[in-house]
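Data block below; observations after.
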Amino acid sequence: MRLYAWIAAYAFRRHGTYRIAALSATFTNTIFGFIRAGVLIALWHARPSLGGYDVADAITFSFLTQALIEPMRIFGGGLDLTERIRTGDVAVDLHRPADLQGWWLADDIGRTAFALVSRGTLPLLAGWLVFPLRWPAPATWAAFAGAVLLAMLVSFGLRYLTSLVVFWVHDDRGVNGISLITSMFFSGLTVPLVVFPGWLGTVAHLLPWAALIQLPADVFLGKRTDLFAVYAFQAAWAVALLGAGRLLTSAARRKLVVNGG
């Protein structure tokens, strides 16, 4: 476990090296938070109490989801593992005295921790300076942290599977394109899933992407107080995706071919 803790700490330091890039990306996220807030304000003025949200909920949702974009890597596609598979460097990874999936999970935990610190606070603070955001009760912050942690595991599980597909397709652009669209639409980033009508809303809430943004946001806003059900849903998808990743890793070991042997 000490090895994986070191990997996570090193990943945190590595991503913290590019502070100007992180600051510029955070500024962009914040600007888009205001743009999205304007759209949602217009929508909720036209349809008050849509999906059980009021205007303050919708505005808070806008800035909170902007803060979670990078920690959950909604736009990120696969991991850096993708390029290592394409170049054959993954052969070195497979010979390390560490589990491949565990190594990249620890690396992603470090990246996520830095993203939460660097890009998860400014959008909320900027929104709070302009709008009356709906802040949770002190006890809810711990519940929200638990939902974010499980969301990170689901996010990693999805992206790890996306990366491993490169063992077979060799070009991940199509897979990443599909992953980007589904993540944006079914996570609640585009619009909250609570506004999805009928069967579409039902299906969207059952898919793993709902665990990335919609469920943590609902916990933050106090819309979901049934924490056991929320955590159980997220944990079930995390276990399923990580288990699928382990099976696919075993299959990829037999698939791997690099020049020279």
In this structure, would [X] and [Y] fall into the same cluster of hydrophobic residues linked by side-chain contacts under 4.5 Å?
X	Y	answer
Y4	W6	yes
V117	W128	no
L200	L189	yes
W209	F75	yes
L116	F12	no

Quiz item: Would T65 and R36 count as having a side-chain donor-acceptor pair, cut-off 3.5 Å?
Solution: yes
Under 3.5 Å, is there a donor-acceptor pair between the side chain of [X] and the main chain of [Y]?
X	Y	value
D226	F228	no
S187	L212	no
S62	F34	no
R111	P71	yes
K223	Y53	no
T249	G245	yes
S183	L180	no
Q66	T30	no

Exercise. Would you please test R119 and F114 for side chain to side chain contact (heavy atoms under 4.5 Å, CB included) and show each step?
Key: CA-CA 8 Å; R119 298 177 62 174; F114 177 76; over 6 Å; no
For the [atom1] atom of [X] and the [atom2] atom of [Y], what is their distance to the nearest 0.5 Å?
X	Y	atom1	atom2	value
D108	Q101	CG	CD	11.5 Å
I213	I69	CD1	CD1	6.5 Å
N176	T82	CG	OG1	6.0 Å
I74	T190	CD1	OG1	9.5 Å

With a 4.5 Å cut-off on side-chain heavy atoms, are [Y] and [X] touching?
X	Y	answer
W104	D93	yes
R84	D80	no
L133	F61	no
N29	F32	no
D54	S49	no
F63	I59	yes
I41	F131	yes
Y160	L100	yes

Which heavy atom of [X] sits nearest a heavy atom of [Y], and at what distance?
X	Y	result
I85	S163	CD1-O, 3.3 Å
L3	P97	CD2-O, 4.0 Å
L242	G157	CD2-CA, 4.3 Å
F196	G201	CB-CA, 3.5 Å
F220	R134	CE2-O, 3.6 Å
L207	F233	O-CZ, 3.5 Å

Practice problem: Please step through side chain to side chain contact (heavy atoms under 4.5 Å, CB included) for the pair T182 and L158, ending with a clear verdict. | Solution: CA-CA 11 Å; T182 52; L158 288 166; over 6 Å; no
Practice problem: Apply side chain to side chain contact (heavy atoms under 4.5 Å, CB included) to T60 and W135, showing your working. | Solution: CA-CA 8 Å; T60 305; W135 295 100; over 6 Å; no
Would one find more than 12 heavy atoms of other residues, nucleotides or ligands at under 6.0 Å from atom [atom1] of [X]?
X	atom1	value
R14	CZ	yes
L129	CG	yes
R13	CZ	no

Could you pull out every donor-acceptor pair under 3.5 Å between side chains of residues 136-156 and any protein atom, sequence neighbours left out?
unit_1, atom_1, unit_2, atom_2, d
S155, OG, M72, O, 2.7
S155, OG, R159, NE, 3.0
S155, OG, R159, NH2, 3.3

Self-check item: side chain to side chain contact (heavy atoms under 4.5 Å, CB included) between W44 and V195, worked out
Solution: CA-CA 11 Å; W44 257 264; V195 308; 3.7 Å; yes
